[in-house]
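Beneath this line is the structure, given in structure tokens, with notes to follow.
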Amino acid sequence: MRYLAALACLLCVAVVTRGQVVTTNTVTADPSFRVVRGQLYNVYKSQLWSRVNGECVDVLSNAVICREFKTERSVTIRSSPAGRSGAFGGGGGVAYSPPWRVYGSMFILTNYTGSAKIGATISEKALFVHGIRIAGEPGELWDFGLPHVVTVVTTNTARAKPER
């Protein structure tokens, strides 16, 4: 019997205190919206963002260290006496060498959220922060930015029924 009385009291309290309910949710915006140093950017519309390309040299907890590179290959044009005489089907041709990388300066990409492994190629849009020295060499600091998270607060207020 005591349990029924306690249950009845709880139900009365629940009915009486039923009122304002506040719900807080977070929503992550589209990946094109990134935050750098508290400033919100649209990666695709801002002219301050550029694509950085490099080979991952080291992976840190909040950044990756990369080295810029260009891919080059040599082309050799071969000709033969028949090719020089203008005959079709001559022995001339074009030979391409296997591509190789020519490395440039190093850069650090902070707030990088992709999966980075040493030796992997990274090609992302980032915001240039400033020049720095990396292992005694001149380099650059770039920021990939953080996702833009919006907090949405909704309130559900109990409304009195209109009198008739």
Side-chain angles (χ1 to χ4, degrees), residues 1-73 98-164:
M1 199 62 165
R2 283 188 336 199
Y3 295 112
L4 288 174
L7 183 60
C9 284
L10 285 175
L11 288 174
C12 289
V13 169
V15 169
V16 171
T17 59
R18 181 182 75 173
Q20 187 174 18
V21 177
V22 178
T23 306
T24 305
N25 293 318
T26 56
V27 178
T28 303
D30 186 77
S32 63
F33 293 101
R34 310 292 291 173
V35 177
V36 175
R37 296 183 175 188
Q39 178 69 40
L40 178 62
Y41 295 94
N42 184 332
V43 173
Y44 298 109
K45 294 191 177 185
S46 174
Q47 295 179 357
L48 300 174
W49 290 67
S50 300
R51 183 161 298 279
V52 291
N53 300 306
E55 181 179 297
C56 181
V57 176
D58 197 6
V59 179
L60 307 174
S61 61
N62 190 28
V64 290
I65 301 175
C66 299
R67 183 172 291 279
E68 294 176 333
F69 69 87
K70 293 187 303 185
T71 303
E72 293 186 357
R73 67 181 343 167
W100 69 88
R101 291 182 174 179
V102 177
Y103 291 95
S105 62
M106 295 178 77
F107 65 90
I108 296 177
L109 181 59
T110 61
N111 294 318
Y112 183 67
T113 56
S115 61
K117 295 180 183 173
I118 294 176
T121 300
I122 294 177
S123 178
E124 296 288 347
K125 290 193 94 171
L127 180 71
F128 176 75
V129 179
H130 57 77
I132 56 171
R133 295 194 72 74
I134 305 169
E137 298 179 28
E140 297 175 337
L141 179 64
W142 292 80
D143 198 330
F144 183 68
L146 297 170
H148 180 54
V149 178
V150 180
T151 303
V152 180
V153 178
T154 56
T155 305
N156 182 11
T157 306
R159 296 182 185 170
K161 291 184 179 178
E163 294 181 20
R164 293 188 183 211

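In what follows, every heavy atom counts, from backbone to side chain, and hydrogens, waters and symmetry copies are set aside.
With R51 contributing its side chain and S123 its backbone, the two residues share a donor-acceptor pair below 3.5 Å. Put simply, the side chain of R73 never gets that close to the backbone of W100: no donor and acceptor are under 3.5 Å apart.
Counting all heavy atoms, side chain and backbone alike, A63 lies closest to T110 at CB-CA, 3.8 Å. When all heavy atoms of P138 and S105 are compared, the closest pair comes out as O-CB, 3.9 Å. Among all heavy-atom pairs drawn from P99 and T71, the shortest one is CB-CG2, 3.6 Å. Residue F144 comes nearest to K125 through the heavy atom pair CD1-O, 3.6 Å, listed as atom of the first residue, atom of the second, then distance. A116 and V59 make their closest contact through O-CG2, 3.5 Å (heavy atoms, listed as atom of the first residue, atom of the second, distance). When all heavy atoms of F107 and N53 are compared, the closest pair comes out as CE2-O, 3.6 Å.
The CG atom of N62 lies 11.0 Å from the CD1 atom of I108; values are rounded to the nearest 0.5 Å. Within the model, atoms CG of L146 and CG of N111 stand 4.0 Å from one another, a figure rounded to the nearest 0.5 Å. To the nearest 0.5 angstrom, W49 atom CH2 is 9.5 Å from N42 atom CG. Between the CG atom in L127 and the OG atom in S46 there is a gap of 7.0 Å [rounded to 0.5 Å]. Here the OG-NZ distance, from S32 to K45, works out to 8.5 Å after rounding to the nearest 0.5 Å. Note that CD of E140 is 12.0 Å distant from SG of C66, once rounded to the nearest 0.5 Å.
Evaluation of the ring-ring contact (aromatic ring centres under 6.0 Å, His included) rule for F33 yields no partner, not counting sequence neighbours. Every residue two or more places apart in sequence or in another chain that forms a ring-ring contact (aromatic ring centres under 6.0 Å, His included) with F128 is listed here: W142.
Under a cut-off of 6.0 angstrom, the local environment of CZ in R37 is sparse, with at most 12 non-hydrogen atoms contributed by other residues, nucleotides or ligands.
A salt bridge links E55 with R101: the distance from a Lys NZ or Arg NE/NH1/NH2 to an Asp or Glu carboxylate oxygen falls below 4.0 Å.
Applying the side-chain contact (heavy atoms from CB on, under 4.5 Å) test between L109 and each of D143, I65, L141, V64 identifies V64 as the sole match.
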